[in-house]
Amino acid sequence: MPVKNRFAELLPEITAWRRDFHEHPELLFDVHRTAAKVAELCRSFGCDEVVEGIGRTGVVAVIKGRTDGKGRVIGLRADMDALPIHEQTGVPYASKTPGKMHACGHDGHTAMLLGAAKYLAETRNFDGKVVCIFQPAEEGGGGGREMVADGMLNRWGVQEVYGMHNMPGIPVGHFAIRPGPMMAAADQFEIVVTGKGGHAAKPHECVDTTVVSAHIIVALQTIASRNVDPLKQVVVSVCTVETDSTAHNVIPQVVKMKGTVRTMEAKVQDYVETRLEQIVEGTALALGARAEVHYQRGYPVTVNAPQNTDYAAEVARKISAHVDTDTPPLMGAEDFSFMLNERPGAYIFLGNGDTAMVHHPAYNFDDAAIPFGATWYAEMAETRMPAA
Ligand SMILES: [Zn+2]
Ligand SMILES: [Zn+2]
């Protein structure tokens, strides 16, 4: 089976939804227009239950199969939010809101899951129940965590969860997945170095926080290069340095730094947090300053359950001759991880072709990928819950 014929027929309609979402990007939990349209469409498809306001602005649409919802319950998830980026694609349906843009393709994910919902509500060629999960705030707000915390998985008895993300650099119509860790845990830290400011020509009367901070930045590089097993993945990046001096001749009293830590295993994550605090505090102490670390855990590691990875890959192979089941893990993070921490499931990449990378102002979701993605969602339900 290649893509389902029905999705070739529905392509213009699904593309129109996608482009409408693209024109009207919304950030984080503020996805009111998108969520309202998703809910309205799901109701128009005849979904058995459509509930808004899950995890603040998430939408859940339930479709019962032939046996009226007895049997397995499968969750299919898409994300709805955009990014604070000024679009530079030049497409006719470009964002109408300056500074906001669907630069991660969540417009495509939402449209494809809507397409699958329409098809599944028409055909109901499965046993059990499909729970379509449309989440807000994937880009940093933890919308997936909020929906889980709202009891979504228990409320509808979801037993397995499946998610998808488009990926530039992989040809359209190709899929890529791997068992185990697929995306990293993303933590953030803030470091505040306090010394003694003063005249730049009298450094001996000051504790120069700029010099201390520079030593800290260099020393933090030893976490990846000297502390963590070289066979494990780790990223420690200091991304922001801000001093309270704006003058060329004033040594700042305080320097603040912000950055991110990416890891693939809980043990490594714990170790990096400990080493980061030790290095920062120890380096500051050695140079006569004080430093505080505020370390905040973000999205956990996205871990594909081996068995469910097989199911997801098997479905992808029905659709495409090109399914890579050993794609390298990425150090980006994904808040579908909160759902995968609660239920077995898998997360798969769908090729977006030779486009700009996600989060780039020239990125655009490729509508040619829609039939593949929509078929994968629908087929996941039909394959995991075959009608008797
Ligand atoms: Zn993104
Ligand atoms: Zn994304």
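Atoms within a ligand are numbered from 1 in the order they appear, just like the ligands themselves. Start at 1 with the first residue, then count along the sequence.
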### Intermediate values then yes/no, salt bridge (Lys or Arg N to Asp or Glu O under 4.0 Å), Asp310 and Arg317
CA-CA 10 Å; Asp310 287 348; Arg317 274 193 291 268; over 6 Å; no
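Side chain to side chain, Tyr93 and Asn364 meet the donor-acceptor criterion of an N or O pair below 3.5 Å.
In this structure, NE2 of His359 and SG of Cys104 enclose an angle of 110° at the Zn ion (ligand 1), rounded to 10°.
Between the Zn ion (ligand 1) and the N, O or S atoms of Glu139, the shortest distance is to OE2.
With contacts defined as side-chain heavy-atom distances shorter than 4.5 Å, the pair Arg6/Leu10 qualifies.
Among Leu114, Thr34, Ile54, the one residue that satisfies the side chain to side chain contact (heavy atoms under 4.5 Å, CB included) test with Phe134 is Leu114.
For His109, every N, O or S atom stays at 2.8 Å or more from the Zn ion (ligand 2). At a threshold of 2.8 Å, the Zn ion (ligand 1) has no backbone or side-chain N, O or S atom of Glu138 nearer than that distance.
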